[in-house]
Amino acid sequence: MSEEKILIFDTTLRDGEQAPGASLSISEKLEIAQQLAVLGVDIIEAGFPVSSPVQFEATTKIAGQVTGPTIAGLARANEKDIEAAGKAIAPAKKRRIHTFIATSPIHMKHKLNKTPAEVLKMAVEAVRFAKTFTDDVEFSPEDACRSEMPFLIEILTACIEAGATTLNIPDTVGYVLPYEYGRIIAQLKSDVPAIDKCIISTHCHNDLGMAVANSLTGVRNGARQVECSVNGLGERAGNAALEEVVMAIHTRPDFFGKDRPRPLTTSIDTKQIYKTSQLVSRLTGFVVQPNKAIVGSNAFAHESGVHVDGVLKERSTYEIMTPETIGLSGSRMVLGRHAGRHGFSSHCKKLGYKLTKEEIEQAYQRFLQIADKKKEVFDEDVIAIIDDEVRVVEHTFEMVYLRVLMETGINPSATVRIRSKGQLKEAQSEGDGPVDAAYEAIREATGFSPTLENYSIRAVTGGKEALGEATVKIKTDNRTFVGRGVSTDIIEASAKAYIDAINRMVARGQQDDEPSVKAEL
Ligand code: KIV
Ligand code: ZN
């Protein structure tokens, strides 16, 4: 029996990036987009091109360099936005304009100050204008779930006539419950004439924790595209989490598949899920909570004796999915210090990395250093090493030496030596604690003093020899930058994270990131 596909529309780079503090550089967006293509998403919403020159450039670069998925650009229902989106996505082989306007009484009155008739006219004109750039046009009635059903039916009908090919039904404020969302999709499917010419899409926010449940109920009722983001990143409480939507469909074929006239499926290579989640977490600085479904570090960990006993006897007693399905190796101990270059390289491949020879060599040298200190190197360690070592950001500053002295009753002191543009600069400083002392010395050596907004440290794996991964968020001129550092020594990891964030700040300094149009989403 042939399968029926659920299109996965990834909005990590657009709605996801709207999460406060989650701003990404152009090269980081490109790196995520490349990985989304490897993951197998059908559509990448690359950005909101009119909103800033960086958004425009990032969308254009993704459109020109990422092959496979359709590249979408977001636009409000006006000519300026649509023209910017049309130009930005032009280099893509498959391109889409996603245009939207709010349709709920509350948004039309207070935000747009427009009558329903005016909104309807703008929507139709927007779709028609978007069609002059591409055949593939998606229309979203923003805040659809708080809109009046007769108006929703009227505007969607008019947009189909104007040429829309996908109709997206956003629960913009994460307000409805699964039963209600399912009913909305079912009613639109039955009452909008010619809706079968279009794909119905879900776009659910997670304010009440219902985003995934709502999206899946939408699918059960006829939606064939799900808009979602990696790790559920997005405005406020976020969007439906891609990994949860995909694994629900994958794990419950009885619910989504076999018993239906045509089984439902997605094009996602589930083995790429963990790696994609880690990449997005690393680049945005949004740490994945340990108990996060599918990709949290505890998602496949069994602690209680009864559970461990059950899993050892028969895995399916307590595991509904295997870690291998999302790209984690089943056995946790993977590489010892005697693993050769070839073993290391093929292991990286198994984890889903496509690295150049030089990148392999770089990561391998780091692996050897770490394997010398740690007896066991786990998948998570290898991923952290690659993510730490193989960077897309240019290193303006490189730490070549760090010494931190601590003694009870005396302020800790730190000495750092930093290489920049072929020159070495040394600085010494004291601080309240060892990390503070190191940061003060780094500030002096680099000449940059951004505000430290956030600092966290976690063990990549368990055990006393675990790699420590530090994440910092710094702020300067209202922009935030995230840096990460990995080491078996947590003070060194912390210093590396701070320098990484400063490097990102310097790299971004060359880009004008200020929004030229205020995004009213
Ligand atoms: O949540 C929302 O309504 C949106 C639209 C732009 C689709 O993100
Ligand atoms: Zn949204």
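One-based numbering, in listed order, for ligands and for the atoms of each. Model, not experiment: these values are computed from the prediction.
Of the candidates Arg282, Lys61, Lys275, Arg282 is the only one forming a salt bridge (charged side-chain N to carboxylate O under 4.0 Å, His left out) with Glu31.
For Asp15, the nearest N, O or S atom to the Zn ion (ligand 2) falls under 2.8 Å.
Distances from atom 4 (C) of ligand 1 to the heavy atoms of Glu142, Glu227, His203, Glu235 put His203 nearest. Of all the listed residues (Arg236, Glu138, Arg14, His205), His205 holds the heavy atom that lies closest to atom 1 (O) of ligand 1. Considering only non-hydrogen atoms, atom 7 (C) of ligand 1 lies nearest to His98 out of His98, His107, Glu45, Arg76.
In terms of distance to the Zn ion (ligand 2), the nearest N, O or S atom of His203 is named NE2.
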Inset, instruction - Determine, stepwise, if the pair Glu45 / Arg96 fulfils salt bridge (Lys or Arg N to Asp or Glu O under 4.0 Å). - result: CA-CA 9 Å; Glu45 189 164 48; Arg96 173 180 297 187; over 6 Å; no
Legend entry - Stepwise side-chain contact (heavy atoms from CB on, under 4.5 Å) check, Phe133 with Ile89: CA-CA 9 Å; Phe133 294 91; Ile89 59 167; 5.8 Å; no
Inset, instruction - Begin from the C-alpha positions of Arg236 and Asp207 and carry the test salt bridge (Lys or Arg N to Asp or Glu O under 4.0 Å) through to its verdict. - result: CA-CA 7 Å; Arg236 306 180 311 278; Asp207 300 65; 2.6 Å; yes
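The aromatic rings of His205 and His203 are tilted relative to each other, their planes meeting at an angle between 30° and 60°.
At least one N/O-N/O distance between Asp15 and ligand 1 falls below 3.5 Å. Of the polar atoms of Asp143, none of the N or O atoms is found under 3.5 Å from an N or O of ligand 1, judged by distance alone.
Atom CG of Leu328 and atom CD1 of Ile273 lie 10.5 Å apart (nearest 0.5 Å).
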